[in-house]
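Step one of this worksheet: look at the structure below.
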Amino acid sequence: MLKNKFYAKFLIMIGAVLILSACSNSGDEAMTETPTPVEQTPEPVSTPEPMAAPVDMVSQESLNSSMGGSMSEGDMVYFAYDRYDVDASARSVLGAQANWMKANNVNVIVEGHCDERGTREYNIALGDRRANAVKNYLVAMGVSASRIRTVSYGKERPQGTDNAQNRRGYTRVN
Amino acid sequence: MKLLKILMLSLIGLISAALPAHAVIEIDITKGNVQPLPIALTSFVGSGDEMTSAGSVMEIGKQIARVVTADLERSGLFSAIDPRAFINSGNAATAPQFANWRAVGAQALVTGTAVLEEDGRVRVEFRLWDVLGGSQMTGLRYFTAPQNWRRIAHLISDAVYKRLTGEDGYFDTRIVYISESGPYLDRIKRLAIMDQDGYNHKFLTDGSYMVLNPRFSPTSQEITYLSFYNDIPRVYLFDIETGKSEMLGEFDGMTFAPRFSPDGKKVIMSKAERGNSDIFVLELSTRRLERLTKHSAIDTSPSFSPFGRYVTFNSDRGGSQQIYVMDSDGSDIKRISFGQGIYATPVWSPRGDLIAFTKQTGGKFYIGVMRPDGTGERILTESYFEEGPTWSPNGRVLMYYRKYPYDNQGGGGETQLWSIDLTGYNERQVITPLDGSDPAWSPLMD
Amino acid sequence: MAALLNKIPEKLSITERLAERFGPKEQKATSLDVQRQTMSIKAAFRLKIEGECWNPPSGALDAGKLIVVVNFNLSQDGRIIGQPRADDYARMSGPLKVAADSALRAVRMCAPYSDLKLPKDMYDQWKEIKLTFDPSDMLS
C-alpha cells in the first residue's frame, strides 16, 4: 500500500524525450520536448448540500386565487417575445397580487422566465428584466420592495412546450 | 521568360540554332484536392507482454494505437488505413519497408512500442514516417505510470497532428459541459467533465441545484460557472483538484455569463441589478469588481481576445441582439455584426483571427464565424436550435450544443454536443452518457 | 519523332500529339515547336499533379499564403533522380513546412512521370523541373 502510494506520486510524471532520427534526413527538425507532468486525477467530488426552500402551499393557493375566480392564474403574468413590458392583462393580475400582499404579511419571490428561442445567457438577463418588471409594478402599487425578491431562470424552467406560456413572471410565496 | 526570349530571338532570324542545351521548366501548381491524409498506424507492441498495474503491456500498446487512430480520424484531416490491409514486413517500428506501406496507400506511418520498465513504468516510443520520402519526420519517447497510457496516446496524437498540419493539436484536452437528464419540465443539470474523446467522464455536481455555462481557466485547473445553489444565481469557481467550489464575490444582484481572462487573473461576467445586465470584470486576487459597460440594454456573453486587449460581447442596445467589440477598459464600443437576424454568444478564437457566434434568423439557429472587424461572416452549421460555440485550443474546431424540437408525444427536446471543423466540414456528434449542453473546451494541458 | 510514332501507344504522347497536329515534315524542331512543346509539357505536369497528387493543407491561418517552390531532376524515363528539394526547407517551420511537405509528397506521389510520354529528343528541356505550389486561388 505504502509502496503503491509512493509510486502514484513518483510515477505520475511523464517524461518525453526526442528519439533521434533512425535514418539521416537533413530535413528533420530538432524537436525538444520538456517533461510533461500529469496533474493528479481529481478526487471524487463532494457537493454541498442544497437547502430545500419549501413553499407554504396554503399561502401559495391563496395567492393563486387572489384574483377571485378559481380558473384564473393569479400568480402568473405573460410577456411578448423578447419583451418585458407589463401589458394590460398583466397589470390586472399584478394589481390583485399587490392587494393580496397588502392584506397578507408574507414575502414573495418573483421568477422571470423565457421561451427557448434564444441563447441561455441572454435569456438569463431577459428573465431578470421580466422579474424586475413585475417587482417594479408591485412596488408602484404600494408593496414594499424589501418584501420582494427576484430570480431569473432564463429558459431553464419551462412550464410546457408552448413558447408563449413560457415567457412569464411567476410570483410565489417565499 | 527565358523561353519567351528565345522565341523572340528565333523569330528575328536566329532560327533553331538558338536552342539552349539546358533549361528549367517552371510550372505553377494552383489547384489540388483537399482530402484526409492516408495514414497507417501500427500497434505499439514491444518485445514483451508483461503485466503492469493497468493490464498487459501488449494490450496497452494496442490500445494506444487505437486511441491515436481515433483521435486523428475524428479530426477529419486523416484517414486511417485498415490494419487488415497491412503487408507484414520485418521490424516495422524502427525500419519500415516503405514500399509496402506505399503499396497500401499510406502517405504517413506511425510506428511505436510500449515496454514495461524495471521500475514499473511503461516506456512508450513512437516515430512518424514520411512514407513517400522514406524518412522519419519526428519521434518521441515517454515514460509514465501504466494507468496514464491514455494520456500518452493523446500526447502522441498531438505530436503527429502538429508535425503533419503545422498547428498545435487539441487531443490532450478536456471538455466541461452541462449534463442534462430527466423530463423537460424538471430537467436535472449537472456539471460534468471528460476527455475530449469522451473517456474519463465524471460528474462534478450532484444535480440538486442547477448549473450552467461552465468555462475553463487557462490552466484547466478551475472552472467558472453559473450556479443556482440556494436558488440564488451567482458565478462560482470550481477547483478540479479539490472538488471544492466557492461563490465569486457577494454582490447585489445576479452574476452570470462568466469567462476567464487569458492570463487567468480575472473573470469577466454579467451582473444584473434591478433588471439591467451590464459587463463587469472581477479581479480574482482582490475580488474587486470593475464595471466595463453602463447601458440600460442587456449586455452579456463577454469574451476576451487572446491577449486580453479587447472584449467582444452581446448587447441589444441597438434594438436587437448584436455583437459588439470594445477595449478591455470598456471604451470604444463598436458594433460588428450587421447581417440579417440576431447575433449572440460571441467567442474570440484562441488564435485571434475570428469570433464565433450564435445567429438566429428565420426560425433557425446557426453557428458561424466572422473576423473581429465584422467582415467575412461565414455560417458553418444550422439547425432547429444550436448555440454556444467553444473553440478547440488551436482555433481549428468548434464545439456547441444542439437542442431538438419537442414532438407531440411528449418526447423530443434532447440536447447533444456537436463539433465542426472551421472549414465547415466534419460535423460530428460528441457522445456523452446523458444529454449534454454548454460545452467548453480546455486549453492544452501541460 | 518518327520512331516514336511507330509505337502506337494507347495514349498519344505530347510529341505525338504535336506530330499529328503539325506533321512530321520537319526533322528538326524549330523554336516555335519548342515553345509549343514546352507549353504542352507544362500542361501535362499540371494536369497530373493538380488532378492526382497535390493534397494541400487547409485550415491553417493564412493557408492561402503558403507558397512553396520545389525543384527536382528527371531521368530520361521519367523517374526522379535523387530527392525533390523545397527551397529553404531547412529553415521552414510550422504551417509553411507542412505546405512544403505536401508539395514534396505531391511530386513523389506522381512519380514516375513516364506516363506523360515526355519527348526524349527534348530531354534537355524537361530534365529539370521547378514547381511553384500556390494555393491562394483555392484557399483564402
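The chains referred to below are lettered A, B, ... by the order of the sequence lines, with proteins before strands, and numbering in each begins at 1. These values consider heavy atoms only, across backbone and side chains, with no hydrogens, waters or symmetry-generated copies.
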[Y] and [X], any side-chain heavy atoms less than 4.5 Å apart:
| X | Y | value |
| --- | --- | --- |
| C:Thr132 | B:Ile27 | no |
| C:Arg46 | B:Thr30 | yes |
| B:Ile25 | C:Lys130 | no |

How long is the straight-line distance from CD1 of B:Ile29 back to SG of C:Cys110, given to the nearest 0.5 Å?
8.5 Å
Heavy-atom distances under 4.5 Å only: say whether C:Leu104 touches chain B with side chain, backbone, both or neither.
neither
Part of C:Ala99 lying under 4.5 Å from any heavy atom of chain B
neither
Quick check on [X]: does its [atom1] atom have over 12 non-hydrogen neighbours (other residues, nucleotides or ligands) under 6.0 Å away?
| X | atom1 | answer |
| --- | --- | --- |
| C:Arg79 | CZ | no |
| B:Arg378 | CZ | yes |
| B:Phe338 | CZ | yes |
| C:Lys65 | NZ | no |
| B:Tyr425 | OH | no |

Examine distances only and state if a side-chain atom of C:Lys97 and a backbone atom of B:Gly166 form a donor-acceptor pair shorter than 3.5 Å.
no
Any sub-3.5 Å donor-acceptor pair from B:Asp28's side-chain atoms to C:Leu131's backbone N or O?
no
With only heavy atoms counted, which part of B:Leu354 is less than 4.5 Å from chain C, the side chain, the backbone, both or neither?
neither
Any Lys/Arg nitrogen of B:Asp130 or C:Arg105 sitting under 4.0 Å from an Asp/Glu carboxylate oxygen of the other?
no
Does a salt bridge link B:Arg163 with C:Asp101, judged by any charged N lying under 4.0 Å from a carboxylate O?
yes
Which one, B:Lys31, B:Gln107, B:Lys162, leads in non-hydrogen pairs under 4.5 Å with chain C?
B:Lys31
